Amino acid sequence: MSVDLATVKRVAHLARIALNDEDAERMMGELNGILGFVEQLSEVDVTGVEPMTSVTPMAMKKRKDEVTDGGKADDIVANAPETDRNFFLVPKVVE
């Protein structure tokens, strides 16, 4: 896959980047180099390779998934002008 000058200018326009013709030519070469490298990576055989999140093996820290009320209801409504049993009281609006 290669990028032409029109595609570079369109992407620059979509990204709201001002490019003159000289910069667009340079970017076309750089983008084609990047895409060439990505194509090389797709040729690598990765069958049997586990996906990893780090280069050093480690177990992800996980917390127990428990449903709670947060234990902060009193703190949340503490600054409200009016409350009732941890609910905010607001004036009724009828239009």
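The shown structure was predicted, so the numbers you read here are calculated from the model rather than taken from an experiment.
- D74 is linked by a salt bridge (charged side-chain N to carboxylate O under 4.0 Å, His left out) to nothing, counting only residues two or more places apart in sequence or in another chain.
- Side-chain atoms of F37 and L41, non-hydrogen and from C-beta on, do get closer than 4.5 Å to each other.
- For the residue pair A24 and V8, the shortest heavy atom distance occurs at O-CG1, 3.8 Å.
- Between L19 and H13, the closest side-chain pair of non-hydrogen atoms is not below 4.5 Å.
- Here E30 pairs with R26 in a salt bridge; the nearest charged N to carboxylate O distance falls below 4.0 Å.
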Subject >> Check against side-chain contact (heavy atoms from CB on, under 4.5 Å), L89 and T83 >> reply: CA-CA 5 Å; L89 294 179; T83 61; 5.5 Å; no

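- Looking at V77 and F87, their side chains never come closer than 4.5 Å, going by heavy atoms from C-beta outward.
- Partners of E25 under the salt bridge (charged side-chain N to carboxylate O under 4.0 Å, His left out) rule, at least two apart in sequence or in another chain, do not exist in this structure.
- Under the side-chain hydrogen bond (donor to acceptor under 3.5 Å, both in side chains) criterion, K72 pairs with no residue at all, not counting sequence neighbours.
- Once rounded to the nearest 0.5 Å, the distance linking CE of M52 with CE of M58 reads 11.0 Å.
- Residues M28 and I17 share a single hydrophobic cluster, defined by chaining ILVMFWY side chains whose heavy atoms lie under 4.5 Å apart.
- The shortest non-hydrogen separation linking N20 to D23 is OD1-N, 2.7 Å.
- M27 and V3 fall within the same hydrophobic cluster, defined by Ile, Leu, Val, Met, Phe, Trp and Tyr side-chain heavy atoms under 4.5 Å apart, directly or through other members.
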**OP:** For D21 and K9, run side-chain contact (heavy atoms from CB on, under 4.5 Å): C-alpha distance rounded to whole Å, both residues' side-chain angles, the deciding distance at 0.1 Å, then the answer.
**Re:** CA-CA 9 Å; D21 289 338; K9 288 183 178 183; 2.8 Å; yes

